[in-house]
Number of protein chains: 2
Amino acid sequence: MLYRQVKRQLINDIQSGFAAPGAALPNEKDLAQRFQVSVGTIRRAVDELVAEHVLLRQQGRGTFVGKLDRERFMFQFFKIVPRDRPSEFPEVRLHKFAKSRATQMEAQALGLHGNQWVFRIENVLHLQGQPVIHDRITIAAAMFPGLNQASFTARTTTIYGHYQAAFGVTIVEADERVRAELVLPDSAQLLNLAMPSPVLRIDRVAHTFDRKPAEFRTSIVDTRNFDYVSRMREMT
Amino acid sequence: MLYRQVKRQLINDIQSGFAAPGAALPNEKDLAQRFQVSVGTIRRAVDELVAEHVLLRQQGRGTFVGKLDRERFMFQFFKIVPRDRPSEFPEVRLHKFAKSRATQMEAQALGLHGNQWVFRIENVLHLQGQPVIHDRITIAAAMFPGLNQASFTARTTTIYGHYQAAFGVTIVEADERVRAELVLPDSAQLLNLAMPSPVLRIDRVAHTFDRKPAEFRTSIVDTRNFDYVSRMREMT
DNA sequence: AAGTGGTCTAGACCACTTG
DNA sequence: AAGTGGTCTAGACCACTTT
């Protein structure tokens with residue numbers, strides 16, 4: 001299980017900031033020397049991290065730490081697509097930003113004990129010029145020290161890219177539970193929906209390494225013109 | 001790209017029935033000799049098929065052709081789970097079985113040209129004793145020659161297991177599009193729902209090897225007590 | 001004890017990117 | 001031309017299952 005130890009070390013390098021998002025790793029021979037293992041063992045460890053999109057290999061160029069930019073967010077974490085059109089990056093408008101105590105449900109989803117402080121962020125996502133998604137995000141204040149509305153709004157990347165660049169929190173996977181509901185008044189107003197309308201509700205827990213929960217998000221989606229897409233394959 | 005050729009050969013062995021579901025493959029050394037490659041190349045090809053759940057490796061015992069039994073169906077293809085309970089295998093009740101001409105939408109989903117014959121199968125799936133899912137399945141008659149209601153009903157395994165055992169059609173992946181709708185009268189009656197009720201609608205295209213479409217299925221789900229779950233990771 | 005897959009090694013050669 | 005990752009080889013040794 002040498003390759004497991006190598007993988008763990010590489011993850012540590014990323015979490016500690018020693019290997020920054022977008023930066024190149026040493027070549028495989030050098031890594032092999034550093035860890036005192038063969039190149040094949042390095043490749044096995046890197047193989048897994050590439051499969052998880054944590055690292056990115058480019059033949060002839062090198063191996064790089066994955067950045068949570070728009071492209072990666074769209075293909076890995078954004079599953080709302082137009083019914084008969086190509087996919088599109090949403091326009092995100094901040095609706096609310098607050099700091100308060102976690103509810104019991106939030107604490108459970110985020111693995112907190114007691115009434116820890118959390119940030120609560122609400123966004124309305126627009127597609128093709130129309131409001132389509134109402135997001136409520138909850139994150140533990142302890143994991144994102146110093147976060148505030150100004151810095152959050154001033155970010156130049158995706159929300160997950162901001163978590164990664166500003167707080168060293170790399171989101172690597174997410175679990176979602178989806179159901180159909182009648183829209184509630186607050187979301188109806190934000191999404192310009194009549195009052196009984198069916199909407200999709202998505203509860204997502206996003207995790208960083210070692211399946212540690214980092215974000216809880218509930219999305220209300222108007223699916224008159226958009227679908228939630230899912231591909232069933234592999235599923236490790 | 002030798003390992004690609006080996007993988008293709010192994011898939012052919014499964015599709016042709018030469019390697020039957022549940023049967024053991026020759027050991028890695030013998031495979032290496034048969035294909036005139038090294039064991040490492042065999043391992044690489046088998047690695048990928050194991051990741052796709054087409055093959056199953058058991059240390060000390062051997063490598064086996066994956067069977068689409070209840071366990072595999074549940075963890076790979078059945079994503080409707082109780083909100084606060086462990087998952088459960090559904091009781092499937094046949095509601096309709098018919099042979100007719102494909103609609104344009106079905107023909108497109110299944111990659112047919114013209115008004116080919118299709119089987120249309122409707123099921124009601126029960127969970128915890130209650131009707132929860134209304135399935136409409138469409139499959140091309142040409143891909144399932146000789147299928148009839150008697151043999152379909154008499155199957156002793158899952159529907160996908162039946163495709164595999166009786167017709168050599170192995171489902172390996174599925175694409176789904178999910179949305180919220182108000183239930184229509186026919187589904188409302190089958191699921192005992194009042195008449196405006198929000199339900200989940202899932203359009204699924206299931207594929208066999210080489211992404212060849214094999215089944216189109218629309219599921220209407222009562223999500224008052226159940227969720228559609230999805231895990232975002234890897235996503236090759 | 002014999003047979004299976006699981007891990008690791010050391011090295012060769014190829015394909016691609018960059019200067 | 002030099003440096004990177006991608007493929008393939010041949011073999012050693014380990015862990016597990018079965019007889």
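Remember, it's a predicted structure, so these values are computed and weren't measured experimentally. Here is how names work: the chains are called A, B, and so on, in the same order as the sequence lines, proteins then strands, and each is numbered from 1.
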(Q) Among residues at least two apart in sequence or on other chains, which ones pass ring-ring contact (aromatic ring centres under 6.0 Å, His included) with A:H207? (A) none
Q: Report the distance from atom CZ of B:R43 to atom CG of B:L31, rounding to the nearest 0.5 Å.
A: 11.5 Å
(Q) My understanding is that only residues two or more places apart in sequence, or in another chain, count here; which of them pass salt bridge (charged side-chain N to carboxylate O under 4.0 Å, His left out) with B:E176? (A) B:R204
Q: Compare side-chain N and O positions of A:N27 against OP1 and OP2 of D:dG3 and report whether any pair is under 4.0 Å apart.
A: no
Q. Think A:R57 has a side-chain N or O under 4.0 angstrom from the OP1 or OP2 of D:dT4?
A. no
Q.
Please list, in numerical order, the residues of residues 33-47 of chain A that have a heavy atom closer than 4.0 Å to any atom of DNA chain D.
A. A:R43
Q.
Once pairs are restricted to Watson-Crick or G-U wobble with both distances under 3.5 Å, how does DNA chain D read as a dot-bracket string, [ ] for crossings and | for other-strand pairs?
A. ||||||||||||||||||.
Q: With sequence neighbours left out, write down each residue that passes side-chain hydrogen bond (donor to acceptor under 3.5 Å, both in side chains) with B:D30, or none if nothing qualifies.
A: none
Q: Measure the distance from NZ on A:K29 to C1' on D:dG6 and round it to the nearest whole Å.
A: 17 Å
With the criterion being N/O to N/O and under 3.5 Å, what pairs connect the protein with nucleotides 17-19 of chain C, and how long is each?
| residue | atom | partner | partner atom | Å |
| --- | --- | --- | --- | --- |
| C:dT18 | OP1 | A:R61 | NH1 | 3.2 |

Q | Sequence-distant partners of A:D47, salt bridge (charged side-chain N to carboxylate O under 4.0 Å, His left out), two or more places apart | A | A:R57
**Q.** Which residues share a salt bridge (charged side-chain N to carboxylate O under 4.0 Å, His left out) with B:E106, sequence neighbours left out
**A.** B:R120
Q. When the distance from CG of B:L25 to P of C:dT4 is rounded to whole Å, what number comes out?
A. 12 Å
Q: Nearest whole angstrom, please: distance from the C1' of C:dT7 to the CD of B:E28.
A: 12 Å
Q) How far apart are the closest heavy atoms of B:P90 and B:M74, and which atoms are they? A) CD-SD, 4.1 Å
Q: Could you pull out all residues at least two apart from A:S219 that satisfy side-chain hydrogen bond (donor to acceptor under 3.5 Å, both in side chains)?
A: A:D135
Q.
Among residues at least two apart in sequence or on other chains, which ones pass ring-ring contact (aromatic ring centres under 6.0 Å, His included) with A:F64?
A. none
Q.
Could you work out, with salt bridge (charged side-chain N to carboxylate O under 4.0 Å, His left out) as the rule, every residue matching A:R93, not counting sequence neighbours?
A. A:E91
Q | Non-neighbouring partners of B:Y163 that pass ring-ring contact (aromatic ring centres under 6.0 Å, His included), sequence neighbours left out | A | B:F144, B:Y160
Q: Find the distance B:R4:CZ to D:dT7:P and express it as a whole number of Å.
A: 8 Å
